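Have a look at the structure below, then the notes.
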Amino acid sequence: MTRHARNCTAGAVYTYHEKKKDAEASGYGTQTQRLGKEAVKDFDCCSLTLQPCKDPVVTKDGYLFDKMAILEYIVAKKREISKKMKEYEKQMTKEKSELAELAAAEKESQLKNFVKTEKNIVSTPIRAFKSDDRLGGTSVSNMTEGRDKHLPSFWIPSKTPEAKKNVIKKPEPNVLCPMTGKPLKMKDLIDVKFTEVKDPDDKQSLILKKNRYMCPVTHDILGNSVPCAVLRTTGDVVTLNCVEKIIKKDWTHPLTGEKLTEKDIIYLERGGTGYSTTNNGLEAKHERPVLQA
């Protein structure tokens, strides 16, 4: 029996592995790849800059931002919304003036038709075919009867059927969160307070340390694999285990003793881990033309 190569495509069977390999080499076909944990930010990094937060704040949905970065984002978005709103108001003013002109023109046309009807007391016979007296016959020219005043240049954009008026939609008045798409306000940002790990033998800077923060109640090391929560009243970051076993027993803040409610617990979004069920939406797609077999 004749021996074939492992990836031979001469046979009737074209395997999925061979088709995927050929599509990747040829530049055709959509590629789908699941991102690893190195493509996801750490739990203490800003969702915009992807760098460790110097002055961390958190939203109601648990997304962490650096205060300077999110404030710059909000200010920039407000300027953009203000600019779009001015353009929208200018368009609305122009449309109102055009409607007023059309109403005035229609009124004037109705008045002229009324005057013309009053003058034509004696009706004239209708001629089905109008003739050009100079040529002595019926004219089929498109330049007669005042049609020469119309612009015959059908190739310009304003005369083509595809030419449409650029309509500006009313912009969203609220600044939207870059992660959730929900309205975001400055007053909704809550200051976050991380508890640093005190190790006198470790002389490295805070950014270079692998274990930077810990739970102020249980002293457990915080990381991407440890679910955390932020207490709204003080901004302390504690582990979810501390919330379930200590705080929810009597709904009392373990550090200050004040009463807490369910709304005072904000579940912090976790960082990237090696487990597929930890993070959602980690599939990346690169759309390319399909390879037709």
Side-chain angles (χ1 to χ4, degrees), residues 35-86 171-199 202-217 220-240 243 253 255-256 260 263-273 278-282 284:
L35 303 177
K37 66 177 182 178
E38 66 278 356
V40 186
K41 72 177 187 65
D42 289 335
F43 77 101
D44 60 337
C45 291
C46 175
S47 299
L48 286 176
T49 62
L50 306 182
Q51 299 297 322
C53 296
K54 296 180 180 179
D55 190 5
V57 293
V58 70
T59 62
K60 295 179 180 179
D61 299 311
Y63 288 96
L64 197 70
F65 295 97
D66 190 84
K67 194 170 187 178
M68 185 63 68
I70 191 62
L71 290 183
E72 289 180 357
Y73 172 83
I74 292 176
V75 171
K77 285 297 180 180
K78 283 187 176 181
R79 290 177 180 173
E80 183 180 347
I81 292 173
S82 177
K83 182 179 179 181
K84 290 183 178 179
M85 186 62 71
K86 289 181 180 178
E172 175 68 31
N174 299 320
V175 178
L176 303 180
C177 177
M179 303 302 297
T180 61
K182 298 179 181 178
L184 179 65
K185 298 180 180 179
M186 293 184 182
K187 64 179 182 180
D188 296 334
L189 300 176
I190 302 167
D191 293 331
V192 176
K193 184 170 60 176
F194 286 105
T195 304
E196 298 182 12
V197 177
K198 301 297 182 181
D199 188 0
D202 193 355
K203 302 298 181 181
Q204 291 181 336
S205 62
L206 183 63
I207 297 179
L208 297 178
K209 289 181 181 180
K210 185 177 181 180
N211 300 326
R212 296 191 286 265
Y213 304 112
M214 66 178 182
C215 176
V217 181
D220 292 334
I221 302 299
L222 304 182
N224 295 338
S225 59
V226 180
C228 302
V230 180
L231 303 181
R232 183 193 297 268
T233 55
T234 59
D236 291 301
V237 181
V238 297
T239 60
L240 198 58
V243 173
H253 198 296
L255 300 178
T256 62
L260 299 176
K263 294 182 179 180
D264 293 329
I265 299 175
I266 302 174
Y267 297 97
L268 192 65
E269 290 294 324
R270 299 170 64 180
T273 64
T278 302
N279 302 102
N280 298 323
L282 294 182

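As the structure is a prediction and not an experimental result, all values here were calculated from the model. Worth knowing before you read on, the calculation uses all heavy atoms, side chains too, and leaves out hydrogens, waters and symmetry mates.
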Next on the checklist: Could you tell me if the side chain of T233 sits less than 4.5 Å from the side chain of T256, heavy atoms only?
Outcome noted: no
Item to check | Residue pair I190 / R232: nearest heavy atoms and the distance that separates them | outcome: CD1-NH1, 3.5 Å
Next on the checklist: For the CG atom of L222 and the CD atom of E196, what is their distance to the nearest 0.5 Å?
Outcome noted: 12.0 Å
Checklist entry - Would you say the side chain of V238 lies within less than 4.5 Å of the side chain of C215, judging by non-hydrogen atoms? => result yes
Item to check | CA sep, side-chain torsions, deciding dist, call: V58, V237, side-chain contact (heavy atoms from CB on, under 4.5 Å) | outcome: CA-CA 11 Å; V58 70; V237 181; over 6 Å; no
Next on the checklist: Which heavy atom of L176 sits nearest to which heavy atom of G181, and what is that distance?
Outcome noted: CD2-O, 3.6 Å
Next on the checklist: Can you list everything that forms a side chain to side chain contact (heavy atoms under 4.5 Å, CB included) with T195? Sequence neighbours excluded, please.
Outcome noted: M214, P216
Checklist outcome for this item: In this structure, CD of Q51 is separated from CG of D44 (nearest 0.5 Å) by 10.5 Å
Checklist outcome for this item: For I266 and T59, the nearest pair of non-hydrogen atoms, with its separation, is CG2-O, 3.6 Å
Next on the checklist: Looking at every non-hydrogen atom in both residues, tell me the closest pair between V197 and I221 and how far apart they are.
Outcome noted: CG2-CD1, 3.8 Å
Next on the checklist: If the condition is ring-ring contact (aromatic ring centres under 6.0 Å, His included), which residues does Y63 pass it with, not counting sequence neighbours?
Outcome noted: none
Item to check | salt bridge (charged side-chain N to carboxylate O under 4.0 Å, His left out) against E80, all qualifying residues, sequence neighbours excluded | outcome: K77, K84
Item to check | Crowding at CE, M68 (>12 non-hydrogen neighbours, <6.0 Å) | outcome: no
Checklist entry - Listed by chain and number, what are the side chain to side chain contact (heavy atoms under 4.5 Å, CB included) partners of K86, not counting sequence neighbours? => result S82
Checklist outcome for this item: Value for CZ (R212) from CG (D42), rounded to nearest 0.5 Å, stands at 6.0 Å
Item to check | Test side chain to side chain contact (heavy atoms under 4.5 Å, CB included) applied to C46 - qualifying residues, sequence neighbours left out | outcome: L48, T49, C53, F65, D66, A69
Next on the checklist: Are V192 and K67 packed together at the side-chain level, in the sense that at least one heavy-atom pair is separated by less than 4.5 angstrom?
Outcome noted: no
Checklist outcome for this item: Residues passing the salt bridge (charged side-chain N to carboxylate O under 4.0 Å, His left out) test with K182, sequence neighbours excluded, are D61
Item to check | Nearest heavy atoms of N174 and I81, plus distance in Å | outcome: O-CD1, 3.7 Å
Next on the checklist: In the structure I gave you, are the side-chain heavy atoms of D264 and L231 within less than 4.5 Å of one another anywhere?
Outcome noted: no
Checklist entry - Less than 4.5 Å apart, any side-chain heavy atom of T234 and any of L255? => result no
Checklist entry - Would you call F43 and V226 a side-chain contact if the rule is heavy atoms closer than 4.5 Å? => result no
Item to check | Distance (rounded to the nearest 0.5 Å) between L64 CG and C45 SG | outcome: 8.5 Å
